[in-house]
**Student:** 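I am attaching a structure below and will ask some questions about it afterwards.
Just follow the structure's listing: the first ligand is 1, and inside any ligand the first atom is 1.
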Amino acid sequence: MNEKILNETARAMVAPGRGILAADESTGTIKKRFDKIGIDNVEANRQAYRDMLFNTPDFEKYTSGVILFEETLFQKSLSGVPFPELLASKGVIPGIKVDQGAKPLFGGGAEETITEGLDGLRERLQKYKAAGARFAKWRAVIVIGDGTPSDYAIHTNAHALARYAALCQEADIVPIVEPEVLMDADNSIEICESVTDRTLEAVFHELYLQKVLLEGIVLKPNMVVSGAKCPTQAGVQEVAERTLKILKRRVPIAVPGIAFLSGGQSDQLATAHLDAMNKIGGFTWGLTFSYGRALQAAALKAWGGSNVEAGKAAHLHRAKMNGLASLGKWDKSLEAA
Ligand code: 13P
């Protein structure tokens, strides 16, 4: 493990004004996105779509890294350049999703899952590194429901996240540690706050037990929000304050940065929340984005399978808005510009 490489890479991933594009949808997940715009989920379309995103002029000003799905890591752009090489030539760090999905957790509560993918991971990481990946991602899913999450689900997922993180660091690959408390139930913001608190406590405990170098990770958490089906929705300021409260309680200052997932929030709300937290300030980590849907939804729609220029313009706009939010310099009036 090279502590210097890990720390430098992690810091570059959360450099001021930049964040991470999560373009690592599995073949199954991208199908759901393509279905919405009536595009066939074939390799040529996946390649063309990612080619549009990664060739957006100037997106690198706001984008420190891109998380790729395995197929994309080994794929070439339409002009024949391997995607990781294309990204690296723009100063964008290529990363790779290495988990193999959330599967039902035996003996767990309703809907509870455990993320799989540890078997053979050490060997896969060497293959990904040779292809240019310098960071990785593993997503654990924590479900809020009647009697859930169980301590069992939190513990097993935290354990797997830490084991993954240790294997990545052994290979000098920065692990993005992603414990995602889902935002789609009818729970209050108070419940989301306490579940996020329990989850992060368990995750950092496991990272410590498994000797993960905190200076060489990026945390990718959910924000503390009202569940999407909750009749009362907390405002932007409350979300920002509650999220920061829990992060300050649970995330040591040794961690270089925190890059949020968007989790189904609307594009503008995801930007507004990030901006509000950076306006409040008072923390040492870089606080930025690692959005999938909130960076891509508008671009995907504008592209629609063929309109490359419109897709690029929509992508650049959202990347820029989130880059500003990572500095606390976003304003709603800029959305119309
Ligand atoms: P969303 O921003 O769409 O939640 O996706 C981020 C991600 O990488 C989830 O694993």
**Student:** What atoms of ligand 1 come closer than 4.0 angstrom to any heavy atom of Ser290?
**Tutor:**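 That gives atoms 6 (C) of ligand 1.
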**Student:** Side chain, backbone, both or neither: which part of Arg293 has a heavy atom under 4.0 Å from ligand 1?
**Tutor:**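 Both backbone and side chain.
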**Student:** May I ask you to check if ligand 1 and Glu180 share an N or O to N or O distance below 3.5 Å?
**Tutor:**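 No; every N/O pair is 3.5 Å or more apart.
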**Student:** Quick one: does Gln296 get within less than 4.0 Å of ligand 1, heavy atoms only?
**Tutor:**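 No, Gln296 has no heavy atoms under 4.0 Å from ligand 1.
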**Student:** Number the atoms of ligand 1 from 1 as they appear, then name those within less than 4.0 Å of a heavy atom of Gly263, with their elements.
**Tutor:**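 Matching atoms, with element in brackets: 1 (P), 2 (O), 4 (O).
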**Student:** Hey, which atoms in ligand 1 end up nearer than 4.0 Å to a heavy atom of Ala22?
**Tutor:**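 Counting from 1, the qualifying ligand atoms are 8 (O).
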**Student:** Return the CG to OG distance between Asn278 and Ser326, rounded to the nearest 0.5 Å.
**Tutor:**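 Output value for this atom pair is 6.5 Å.
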**Student:** Can you list the ligand 1 atoms lying under 4.0 Å from a non-hydrogen atom of Tyr291?
**Tutor:**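 Going through ligand 1 atom by atom, the ones under 4.0 Å from Tyr291 are 2 (O).
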**Student:** Is Ala294 in polar range of ligand 1, meaning some N or O pair under 3.5 Å apart?
**Tutor:**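 No, since none of the N or O atoms of Ala294 sits under 3.5 Å from an N or O of ligand 1.
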**Student:** Among all the protein's non-hydrogen atoms, which is closest to atom 5 (O) of ligand 1, and how far away is it?
**Tutor:**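 Protein heavy atom at minimum distance: Gly292 N, 3.5 Å.
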**Student:** Which residue holds the protein heavy atom closest to atom 9 (C) of ligand 1, what is that atom called, and what is the gap in Å?
**Tutor:**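 Sorting protein heavy atoms by distance from atom 9 (C) of ligand 1 puts Glu178 OE2, 3.2 Å first.
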**Student:** Under a 3.5 Å distance rule, please check whether Lys220 uses its side chain to pair with a backbone N or O of Ser290 as donor and acceptor.
**Tutor:**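 Judged by distance alone, yes, a pair lies under 3.5 Å.
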**Student:** Return a yes/no value for Arg33: is any of its N or O atoms, backbone included, closer than 3.5 angstrom to an N or O of ligand 1?
**Tutor:**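 It does not: no N or O of Arg33 is found under 3.5 Å from an N or O of ligand 1.
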**Student:** Can you name the atoms of ligand 1, numbered from 1 with element, that are less than 4.0 Å from a heavy atom of Lys220?
**Tutor:**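 Answer, ordered by atom number: 6 (C), 7 (C), 8 (O).
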**Student:** Distance to 0.1 Å, residue and atom name: give those for the protein heavy atom nearest to atom 10 (O) of ligand 1.
**Tutor:**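 The closest heavy atom on the protein side is Lys137 NZ, 2.5 Å.
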**Student:** Taking the side chain as everything from C-beta on, heavy atoms only, tell me whether Thr72 gets closer than 4.5 Å to Gln75.
**Tutor:**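 Heavy-atom side-chain distance check passes, below 4.5 Å.
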**Student:** Can a salt bridge be assigned to the pair Glu123 and Lys127 using a cut-off of 4.0 Å between side-chain N and carboxylate O?
**Tutor:**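 No.
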**Student:** Quick one: pull up CG in Asn41 and CZ in Arg33 and give me the separation to the nearest 0.5 Å.
**Tutor:**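 Taking CG in Asn41 and CZ in Arg33, the distance rounds to 11.5 Å.
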**Student:** I'd like to know if the side chain of Asn322 and the backbone of Arg318 have a donor-acceptor N/O pair within less than 3.5 Å.
**Tutor:**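 Yes.
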**Student:** Quick one: does Glu25's side chain get under 4.5 Å of Phe69's, heavy atoms only?
**Tutor:**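 Glu25 vs Phe69: side chains apart.
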**Student:** In ligand 1, which numbered atoms sit nearer than 4.0 Å to a non-hydrogen atom of Arg139?
**Tutor:**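 Numbered from 1, ligand 1 contributes 9 (C), 10 (O).
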**Student:** Can you name the atoms of ligand 1, numbered from 1 with element, that are less than 4.0 Å from a heavy atom of Ser262?
**Tutor:**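 Listed by number with element, the hits are 1 (P), 2 (O), 3 (O), 4 (O).
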**Student:** Mind checking whether Lys97 and Glu70 have side chains closer than 4.5 Å, heavy atoms only?
**Tutor:**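 No, side chains not in contact.
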**Student:** Mind checking the CD1-CD spacing from Ile142 to Glu112? Nearest 0.5 Å is all I need.
**Tutor:**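 Between Ile142 CD1 and Glu112 CD, I get 7.5 Å after rounding to 0.5 Å.
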**Student:** Is it true that Lys97 lies under 4.0 Å from ligand 1, counting heavy atoms only?
**Tutor:**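 Lys97 does not count as a contact of ligand 1 under the 4.0 Å cut-off.
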**Student:** Does any donor atom in the side chain of Tyr49 or Gln296 lie under 3.5 Å from an acceptor atom in the other side chain?
**Tutor:**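 Tyr49 vs Gln296: donor-acceptor pair found between side chains.
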